[in-house]
Each structure stands twice: as C-alpha cells, then as structure tokens.
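Step one of this worksheet: look at the structure below.
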Amino acid sequence: MEKSYRPRNIEEGWYRRWEEQGYFAPAPQGDSYCIMLPPPNVTGSLHMGHAFQCTIMDALTRWRRMQGRSALWQPGVDHAGIATQMVVERQLAAEGKSRHELGREAFVEAVWGWKDQSGDTIGNQLRRLGASVDWDHHCFTMDEPLSHAVRKVFVSLFQDGLIYRGKRLVNWDPQLHTALSDLEVLSTEENGKLWHIRYPREDGRGDVVVATTRPETMLGDTAVAVSPDDPRYRDLVGEFLELPLTGRRIPVIADDYVDPEFGTGCVKITPAHDFNDYEVGQRHDLEQINVLNPDATLNDNAPEAFRGLDRFEARKQIVEKLKTLGLLEKVEDHKMMVPRGDRSGEVVEPYLTDQWYVKIAPLAEPAIEAVESGRIRFVPENWDKTYFSWMHNIQDWCISRQLWWGHRIPAWYDPDGNIHVGMDESDARRRSGIDGDVPLSQDEDVLDTWFSSALWPFSTLGWPEDTDRLRRFYPTDVLVTGFDIIFFWVARMIMMGLRFRGEVPFHTVYIHGLIHDGHGQKMSKSKGNVLDPLDLIDGIGLDDLIAKRTEGLMQPHMAPAIEKATRKEFPDGIPAFGTDALRFTFASLATTGRDIRFELGRIEGYRNFCNKLWNAARYVLGQIEGQAIAGETEAANHAGEVDLWIEARFAEMQSQLNHHLESFRLDLAAQALYDFTWNEYCDWYLEFSKSALHDGTPEQQAATRRTLLSILDRLLRATHPIMPFITEDIWQRLREPLGIEGESIMKQPW
RNA sequence: GGGCGCGUAGCUCAGCGGUAGAGCACUGUGUUGACAUCGCAGGGGUCACUGGUUCGAUCCCAGUCGUGCCCACCA
C-alpha cells in the first residue's frame with residue numbers, strides 16, 4: 001500500500017467494476033427495499049444539495065443491501081418544463097433567434113438536441129459520487145412509457161370529473177407567457193405606494209376616495225366596495241360612481257371583504273385583475289373587464305390613450321393624468337407583498353384565461369388521512385405540521401402551461417369548441433363517438449412538470465403495466481428530500497399514489513436540511529458562492545474556480561466582488577479531497593437542522609480521517625505478512641483483556657450505528673465510526689498490539705493478528721455505506737488473509 | 001396575522017433531568033517505520049435572559065429578547 005491515502009488512485013476503478021458486475025441491480029431474493037431518486041433536471045448538473053442527498057440515499061441503500069434486502073435505488077431525470085425551455089430559449093436568443101421563428105416542432109427538436117448535447121452529465125456525476133443506482137432501469141419523465149402513464153392519469157382523472165377546464169384568474173407570468181401554479185409564485189415584501197384616488201359620485205354630491213396599490217387596474221374596475229358595517233358609507237351603497245378616465249359608471253356595493261380600518265375604507269373592485277376582487281365580483285355578479293394583453297401591455301378595453309403601454313408605464317401616465325384632473329388626493333409609501341414568478345422573477349399578474357385544473361380536495365382527503373394514520377411518517381416528525389397546514393388549505397391545481405416543452409395535454413377540440421379527451425386522437429374520437437371526418441385540433445398546452453413527477457414512484461416501475469417491479473417495490477420505503485419541495489412533490493406523490501395504486505407511495509419521508517455556504521448563504525450562481533461537488537473530489541485551482549464562478553453571470557458587474565470573495569476564502573484553491581471524504585462530510589452534516597453550512601475545515605478533517613483509516617490498514621497488513629494468523633476459536637482462547645475490550649467496544653459501536661441508521665441520524669452514525677476508528681481502534685488497540693506482537697507468545701501473537709484483521713474487516717464493512725471506495729480498496733487486501741469468499745465488500749453481510 | 005426552527009468553547013455543530021462534548025482554530029511539546037493528512041499534553045463555556053416544576057435543569061413548562069425560514073387575500 002502507498003504510504004499516503006490518494007483518493008484518485010483508488011476511486012477510479014471500483015465503480016466501473018461494481019457497475020459491470022451488476023451489483024447495483026436489486027438481488028433476486030430478499031425483502032424489497034426501495035428509494036426513488038428525486039429526478040434532477042435533465043439538462044442540469046448536480047449541485048451540493050444533490051450530492052448531499054445522494055450520499056444519504058446511497059448510504060441507506062448500501063446498508064440495506066448488505067443486510068440482505070433486495071435493494072432498488074431507482075434513478076432518473078426530469079424534463080423540467082419551464083427551466084429547460086428557458087435555457088434553450090436563452091441559447092436561441094444569443095443567436096438572435098426566438099422560438100416563434102423556429103416554430104413548435106423545430107423548437108422541441110432543439111430541446112431534445114440540447115438534452116442529448118448536455119448528455120449524461122448527471123449520470124457521470126452520480127457515478128463519481130459512488131451512487132449505487134440501478135442504471136438498467138434509468139428513466140426520463142418524457143420517455144414513452146412514462147408519458148403514457150401521464151396520459152393515462154390525465155384521462156382517468158378527467159373521466160372521474162377531477163380534471164376540468166375553466167376560465168378564471170390564474171397567476172400569469174407576462175414574460176414567459178404562461179400560467180403558473182400558486183406554488184410557483186413567490187411573494188416578497190417590496191416598497192410600493194398607496195394612491196388615493198377620487199371617484200366622483202354620479203349624483204354630483206362630491207366623490208369617494210379609494211386607496212390602491214395598482215392604479216393602472218382601475219381601468220377594469222366594475223365597482224367600489226365598502227364594509228356593510230361602515231357608518232360613513234352606509235348611504236352610499238347602491239349609488240353609482242363615475243370611473244375616471246373611462247366614462248363608465250360603476251356601483252358602490254357592500255361586502256364583508258372590506259376592512260373599514262384600512263386605507264379609506266373604500267376599495268376599488270377589479271374582478272379581472274385581483275384574486276379578492278374576483279371573489280367579490282362573483283358574489284355581486286359584476287362584470288369582468290380584462291384590460292391587459294398577455295404581455296401585460298394595456299389592451300383595447302383601455303381608453304385609447306393608454307393602449308399598448310406596458311403596465312408600469314401605464315401606471316405612471318394614469319397617475320399623471322389623474323393628478324392633472326385633480327383626482328389624486330394623495331400618495332403614501334406602502335410596504336406590500338409583490339408576487340413574482342419563481343423562474344422569471346417577473347411580477348405575476350392575476351389574469352383571466354382558460355386553463356386546466358385538478359380538483360384537489362377529493363385527492364387531498366385520503367392523503368391527509370395517510371399521514372394522520374401513520375401510514376406515512378415524516379422524519380423529523382414535525383414536518384407533518386407543514387404538510388397538514390398546506391393540505392388543509394389546498395387550492396385546485398392549475399396544471400396547464402403555455403409552453404412547448406413537456407407533455408402535451410391529451411385533449412382535442414372540435415370546430416364547435418367541444419372538448420374530447422383520450423389517450424390519443426383516435427381514442428378521444430372513440431370515447432366521444434366522433435366521426436373521422438370531423439376535424440379535431442389538439443390543445444396547445446403542456447402539463448405542469450410536477451404532474452409527471454407526481455407519478456414517479458409508480459411510473460418508473462412500469463405502471464400502468466402490472467409489472468413485477470411494480471408489485472415488488474411499490475410502496476417504496478423511504479423518500480429522501482428537502483423541505484422545499486414538500487408541497488410541489490411529496491404531497492402530490494401521496495395524492496396520486498393513493499389514487500392510482502390505492503397505497504401510499506412510501507412509508508417514510510426523510511426531510512433533510514439544505515446545503516448553504518460557510519456563511520449560511522444559499523449557494524447560487526448569482527452570488528458566486530457555488531461549489532461543485534466534483535471540485536471538492538478532484539480539487540480545483542484558484543484561477544479555474546474564479547473563472548467558473550464569474551463566467552456567464554446574469555449580472556456581470558458582480559464579477560470583481562465574487563473574485564475577491566473567492567480569493568479570500570480559497571487562497572490556494574481547493575485541494576482534492578476525494579469522494580469518500582466528501583461523502584463522510586455530508587453524512588456528518590446530516591443533522592436535524594434546516595440549513596447546513598458547508599465548510600472546508602470539515603471535509604479536510606474527514607480527508608484526514610480517511611488517511612488515518614488507510615494507515616491503520618497499512619499497519620495491520622504489515623504485521624501479518626508471512627506471519628501466522630490464529631483461527632477464530634484459537635484467537636478466542638488466547639485473547640487478552642485488550643482484545644476483549646476492543647471486541648466489546650466494536651460491538652457497542654455497531655449497535656449504536658444500527659440504531660442511528662434506523663433513525664436516519666447519519667451524523668451520529670458517522671461520529672460513532674469516527675470515534676471508534678480513531679480514538680479506540682487506532683489510539684489504543686493498535687498501540688497495545690505493538691507490545692503484544694513484540695512480547696507475546698506465538699499463540700498470543702497469532703491471536704492478536706486475528707483480532708487486528710477481524711476488527712478491521714468488520715469496521716470496513718460498517719463504514720462502507722458512507723465511504724464505499726476506500727473501504728472496498730482496503731477490504732480487497734483482507735480477503736486472502738481472512739479467507740473470505742466474496743468478491744466485493746458491497747456484497748458482504750452487514 | 002398564523003406556523004415551524006434556532007440561540008451550547010473563537011468558528012461550525014452534537015448532546016442530555018444528575019455539577020458540559022466533537023471537529024476546526026489556539027498553546028506547549030515530540031520526527032530511526034501505520035499515519036506530521038500524525039502523536040502526547042493543555043487552555044477555553046454562569047449551555048441567550050427571567051420565572052416555574054423538581055432533591056437536582058443546559059435539557060421539561062411559561063414568558064422575554066434576538067435570529068432564520070415557511071404559509072396567508074388587507075386594497
């Protein structure tokens with residue numbers, strides 16, 4: 001063995017060997033154990049969070065596999081509708097082209113091309129991380145079998161009345177020109193203004209002052225509301241007002257929605273541009289006047305002077321106009337929550353469109369029950385509160401997106417606008433009994449990416465076919481994921497799993513924290529604080545790191561600051577720590593907390609730990625070369641106090657380790673291994689063995705050699721789930737002296 | 001406005017009803033073979049604050065302060 005631990009030398013070959021030998025496929029017998037890999041974006045690459053998550057999943061899978069379970073870790077990737085489409089559109093934009101110039105077919109082809117080009121980045125990363133996934137069954141959400149499952153679910157839900165098409169307000173992203181679900185809208189507090197505007201009374205007896213944060217929407221007002229209990233405005237209810245700039249007359253109505261304490265106590269009601277106003281409008285049967293185009297410029301329902309203006313420019317001009325008309329009473333500074341699209345960052349508009357929805361309440365009910373009854377358990381437990389609070393207030397799910405990349409909605413329209421849903425056009429015709437000569441056109445929209453993700457636990461196993469894998473591995477055992485996608489993904493998998501399999505998709509949801517940088521900041525390209533897991537494994541020079549962090553920035557002016565911070569934090573770049581050290585670090589960071597700070601000092605310490613283990617093995621192997629090794633019984637007969645002590649300590653550690661793995665405390669598991677290896681096996685037993693090997697009888701020496709080897713063997717197996725490479729590499733050298741039959745530590749019993 | 005979490009050694013974090021632990025950092029010291037990616041020895045904390053329960057609280061309960069995240073329709 002080399003004197004120093006060099007991860008690169010030992011990590012290279014083992015993964016290929018494991019994969020070639022088919023060790024990652026679930027064993028034909030044994031109780032099943034299954035984890036679904038949360039599918040990363042197909043064209044993306046794995047970041048630290050993914051690597052962290054993979055470490056947890058791989059450690060659990062390897063551990064169960066060694067315990068004799070038929071373990072399946074199901075891999076795959078997600079088509080990630082909006083994200084992927086945006087990437088490709090940006091590439092086109094760089095060439096001065098737009099997707100509309102290409103047309104739908106060519107654009108989708110371009111996306112597939114990009115998918116192929118970005119290639120198997122994720123696959124290669126997973127391999128470098130040592131992930132023991134079942135490559136033979138790798139899935140992509142847009143593979144035909146999975147797409148078939150998507151259509152099947154859509155048709156079925158439609159037939160059962162749980163999918164419907166409706167015209168109502170949605171969150172509209174005016175930049176991406178698509179509807180978004182509630183979850184894809186993030187509200188942030190921003191500084192805004194509250195404009196107080198006079199609406200003259202029709203009877204000429206003065207005016208009413210309304211307060212609004214969005215004056216441009218007044219062009220679509222169809223009422224002004226006051227609180228029914230407000231004595232100031234009691235007489236006003238039923239009267240009419242003149243809506244400035246439009247010449248329209250609108251009624252004053254009374255509605256509980258209005259808080260008399262806020263603003264002036266009078267609220268302008270714009271049913272087509274505000275979710276609350278929409279509700280009020282429904283209650284009072286108000287007209288909905290849409291004044292915006294899909295790109296958030298004013299449309300022809302607006303007075304001519306404002307048509308075609310962007311919403312924010314229109315706001316400026318409207319306020320200006322009101323001022324000259326003497327209708328602007330005052331303007332106040334006002335903090336408000338502004339809704340923005342999570343991908344585009346654009347201010348989202350409540351917008352009246354036709355969209356597809358999943359009627360969610362009937363699906364949510366059993367999903368709530370499944371967690372209440374304990375058939376699904378969150379770890380740590382208190383995440384169930386988050387789950388429940390969302391599920392109890394869940395709104396219908398808008399599933400249509402005005403994108404080109406994704407699963408096309410399996411619905412067709414006849415010339416009269418009737419809807420026909422089916423697995424394909426002919427199926428739709430058959431179901432509706434429509435002749436072949438009636439022309440049908442398919443809905444242009446695609447489904448929300450999460451619609452297909454929701455089916456992942458069974459679509460990847462072959463559903464709707466009744467496959468052996470499906471029967472064997474569904475329900476799966478553990479879902480490992482971050483708390484950021486409990487709503488997006490976890491809840492929806494539970495709902496769909498119960499609906500289409502009649503059983504929960506998994507028994508345990510292990511929620512881990514999110515990896516941040518050493519200062520507790522979220523890692524992001526724009527902050528320039530991203531670490532690539534592969535750079536921690538292979539190392540990277542300072543200049544390369546800086547280049548990586550500053551190239552392709554959305555805000556290039558940040559580059560100097562990023563460079564400075566990077567130079568300060570990594571003056572010598574990043575040394576190569578190896579996969580095992582990285583994995584051990586991730587395991588030790590897997591505490592119950594919510595955010596996790598990744599610091600270089602930590603991984604350095606664990607790289608040293610690898611070296612410690614390496615050298616302990618070197619010592620042990622050096623002692624046995626050409627020497628007699630006692631058999632097990634023989635060794636027991638000649639065991640001294642120290643041997644008994646280390647045996648007892650190992651047994652204790654092993655039992656703690658099991659307990660910690662059972663309870664998903666990989667941090668404690670890692671610590672138990674670290675403590676035993678360093679503070680007991682190395683510091684004490686190895687030291688004592690030196691005198692035993694020097695002064696003992698030949699029998700005692702042979703017994704000591706047996707114990708040295710035997711503990712090392714078991715220690716390596718115990719450490720293998722977290723550090724697969726170094727343990728395999730050392731263990732291979734123990735096979736002969738211990739007379740072990742197996743070919744790999746992966747296949748050794750736990 | 002609700003919900004969840006956190007506040008323990010200089011830093012990052014474990015822990016637990018019985019007079020505090022790890023890694024890193026720090027101090028001193030040690031190189032003829034397991035390991036300087038190391039060994040040995042050591043310094044350092046009134047476990048945010050206040051009150052309560054208890055024989056006993058860092059740990060349980062109530063409140064306060066600080067801090068972070070999530071959800072929510074106040075125009």
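By convention in this document, chain letters (A, B, ...) are assigned in the order of the sequence lines, proteins followed by strands, and residues within each chain are numbered from 1. From a predicted model like this one, the values you see are computed outputs, not experimental measurements. Both backbone and side-chain heavy atoms feed into the values below; hydrogens, waters and symmetry mates do not.
Within residues 265-276 of chain A, the residues that place at least one heavy atom under 4.0 Å from RNA chain B are, in residue-number order, A/Gly265, A/Val267, A/Asn276.
Side-chain contact, A/His196 with A/Glu332: a donor N or O sits under 3.5 Å from an acceptor N or O. Counted by atom type alone, A/Glu287 and A/Thr222 present zero donor-acceptor pairs between their side chains at under 3.5 Å. Remark: the A/Gln623 side chain and the A/Gln627 side chain contain no N/O donor-acceptor pair separated by less than 3.5 Å. Side chains of A/Ser689 and A/Tyr619: a donor-acceptor N/O pair is present below 3.5 angstrom, by distance only. If you check the side chains of A/Asp333 and A/Asn191, you find no donor sitting under 3.5 Å from an acceptor.
Among the heavy atoms of the strands lying under 4.0 Å from A/Cys682 is at least one base atom, whether or not backbone atoms are also near. Contact annotation for A/Asp259: base contact, defined as any heavy-atom pair under 4.0 Å involving a base atom. Among the protein residues, A/Lys522 comes within range of no part of the nucleic acid, since none of its heavy atoms lies under 4.0 Å from any strand. Within 4.0 Å (heavy atoms only), A/His519 reaches no atom of the nucleic acid at all. A/Arg618 comes within contact range of the sugar-phosphate backbone alone, with a heavy-atom separation under 4.0 Å but no base atom that close. As judged by a 4.0 angstrom heavy-atom cut-off over every strand, A/Arg6 is placed among the base-contacting residues. Using a 4.0 Å heavy-atom distance criterion, A/Leu194 is classed as making no nucleic acid contact. Residue A/Val210 is out of contact with every strand shown, counting any heavy-atom pair closer than 4.0 Å. Using a 4.0 Å heavy-atom cutoff across all strands shown, A/Tyr606 reaches no nucleic acid atom at all. Residue A/Met337 is classed as a base contact, given a heavy-atom separation below 4.0 Å to a base.
Side-chain N/O atoms of A/Asn382 include one lying less than 4.0 angstrom from OP1 or OP2 on B/rG5. For A/Lys3 and B/rC35, the shortest distance from a side-chain N or O to OP1 or OP2 is below 4.0 Å. The phosphate of B/rC13 (OP1 or OP2) has no side-chain N or O of A/Arg602 nearer than 4.0 angstrom. A/Asn611 has no side-chain polar atom (N or O) that falls below the 4.0 Å cut-off from OP1 or OP2 of B/rC38. Using a 4.0 Å cut-off, some side-chain N or O of A/Trp678 falls inside it from OP1 or OP2 of B/rG39. A close approach under 4.0 Å does occur between a side-chain nitrogen or oxygen of A/Thr591 and OP1 or OP2 of B/rA14.
Comparing the P positions of B/rG2 and B/rU64 gives a spacing of 12 Å, expressed to the nearest Å. Across B/rG10 and B/rG30, the matching P atoms stand 29 Å from one another, rounded to whole Å.
Comparing B/rU12, B/rC69, B/rA14 by their closest approach to the side chain of A/Arg597 singles out B/rU12.
Inter-residue side-chain proximity for A/Ile726 and A/Ile730 is flagged as met; some heavy-atom pair is nearer than 4.5 Å. Residues A/Leu582 and A/Pro533 meet the side-chain proximity criterion, which asks for heavy atoms closer than 4.5 Å. Side-chain contact between A/Ile515 and A/Leu531 is absent, with no heavy atoms from C-beta onward closer than 4.5 Å.
At a cut-off of 3.5 angstrom, the base of B/rC35 holds at least one donor-acceptor pair with the side chain of A/Lys612. For B/rA34, the base has a donor-acceptor partner in the side chain of A/Glu687 [N/O atoms by modelled type, under 3.5 angstrom].
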